[in-house]
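Quick note on labels: first sequence line is chain A, next is B, and so on, each numbered from 1. Just so it is clear, the structure is predicted and the values come from calculations on it, not from any experiment. Because only heavy atoms are used, hydrogens play no part in the values below, and waters and symmetry mates are left out as well, while side chains stay in.
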Number of protein chains: 2
Amino acid sequence: MRVNTPVDFGLMIRQARRARGMTQQELARAAAVGRQWIVAIEAGKPRAELGKVLQTLAALDLSLSIHGKGIPEVRESEDPIEVIDLQAVLDAHRRTSP
Amino acid sequence: MRVNTPVDFGLMIRQARRARGMTQQELARAAAVGRQWIVAIEAGKPRAELGKVLQTLAALDLSLSIHGKGIPEVRESEDPIEVIDLQAVLDAHRRTSP
DNA sequence: TCACAATGTAGGCGAACGGCGACAATTCAT
DNA sequence: ATGAATTGTCGCCGTTCGCCTACATTGTGA
């Protein structure tokens with residue numbers, strides 16, 4: 001889902017936290033932040049620091065993607081998809097089951 | 001592309017800015033932040049405030065998406081995806097590169 | 001309904017923010 | 001090679017952060 005504002009982040013974090021049955025206290029510990037910081041970010045605090053936001057998303061096993069002109073779809077270092085020689089697979093299949 | 005750390009944000013912002021032929025000064029004005037703030041965020045400052053980061057992405061016409069368990073794929077109000085006639089695209093491709 | 005957990009709020013504290021101006025360093029075109 | 005544009009760094013300053021403790025509020029289950 002797209003996130004455009006700090007309020008969006010708050011809603012998403014709260015939703016994901018609840019989906020995992022976590023309390024604010026638990027999430028705070030998992031993300032290494034104070035409990036009131038969770039309260040604040042879930043309320044959409046715009047001046048929250050970026051690093052803690054990312055820590056929190058990670059603690060919730062959420063991932064962020066960025067899109068737009070000039071941004072490649074994937075990074076080299078990102079887990080590459082397996083390369084398959086479709087032709088070879090098909091050939092092999094034809095040989096075994098004609 | 002996935003972004004996991006503040007450094008990732010910095011790289012993406014710089015890349016998008018250059019892809020648009022903008023100077024740090026111009027981006028700073030467009031995002032309503034100081035020029036030194038752009039310097040800092042592009043360097044990966046972890047304690048930058050969330051709101052300004054989002055302003056900057058908006059100024060670059062970049063969009064953020066969040067994914068994970070408990071997060072719906074799209075929001076009701078989100079702009080619908082373009083409908084593509086795959087068959088037509090494939091037909092055209094076959095004609096140009098048989 | 002009642003008690004307890006979960007969540008939201010307030011004040012105090014040291015630390016860091018981000019804007020600004022000024023200056024160095026780097027990049028780039030001519 | 002040289003000069004301008006772009007980018008990076010420094011210090012000052014008022015503001016805000018985020019953590020903490022403690023207390024108010026809301027929610028939830030027995």
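Across A/Trp37 and A/Lys52, no two heavy atoms sit closer than the pair CZ2-CB, 3.5 Å. Taking both residues in full, the closest heavy atoms of A/Ala31 and A/Gln55 are given as O-OE1, 2.8 Å, listed atom of the first, atom of the second, then distance. B/Gly44 approaches B/Pro6 most closely through the heavy-atom pair O-CB, 3.4 Å. Contact detail for A/Ala16 and B/Lys69: the closest heavy-atom pair is CB-O, 4.3 Å. Between A/Leu27 and A/Ala59, the shortest heavy-atom distance links the atoms CD1-CB, 4.1 Å. Shown here for A/Ala30 and A/Met22, the closest heavy-atom pair between the two residues is CB-CE, 4.3 Å.
In this structure, B/Gln55 places its CD atom 11 Å from P of C/dG18, rounding to the nearest Å. Atom NZ in B/Lys52 sits about 13 Å away from atom P in C/dC17, given to the nearest Å. Atom CD1 in A/Ile41 sits about 16 Å away from atom C1' in C/dT7, given to the nearest Å. C/dC17 atom P lies 15 Å from atom NZ of A/Lys45, rounded to whole Å. Across the protein-nucleic acid pair, A/Leu50 atom CG and C/dC17 atom C1' stand 14 Å apart, rounded to whole Å. When rounded to the nearest whole Å, the span between CD of B/Gln25 and P of C/dG21 equals 11 Å.
Distance CG/B/Asp8 to CG/A/Leu54: 8.5 Å, rounded to 0.5 Å. Distance check: B/Asp61 CG to A/Ile71 CD1 gives 11.0 Å after rounding to the nearest 0.5 Å.
Residue B/Arg35 has no polar side-chain atom (N or O) positioned under 4.0 Å from OP1 or OP2 of C/dA22. Put simply, A/Arg14 has a side-chain N or O that comes within less than 4.0 Å of OP1 or OP2 on C/dG8. Dashed line: the shortest gap from a side-chain N or O of A/Thr23 to OP1 or OP2 of C/dT7 is under 4.0 Å.
Map B/Ala48 and B/Gln36 each onto its nearest nucleotide of DNA chain C; the residue landing nearer the 5' end is B/Ala48. With the nearest nucleotide of DNA chain C identified for both B/Val33 and B/Arg47, B/Arg47 has the one nearer the 5' end.
Comparing the local axis fitted to the first five base pairs of the helix from C/dT1-D/dA30 to C/dT30-D/dA1 with the one fitted to its last five gives a bend of 70°, rounded to 10°.
Pairs of residues two or more places apart, or lying in two chains, that qualify as salt bridge (Lys or Arg N to Asp or Glu O under 4.0 Å) and include a residue from residues 15-26 of chain A are A/Arg17-A/Glu42.
Protein chain B contacts DNA chain D from D/dT6 to D/dT9, reading 5' to 3' and using non-hydrogen atoms of the protein with a distance under 4.0 Å.
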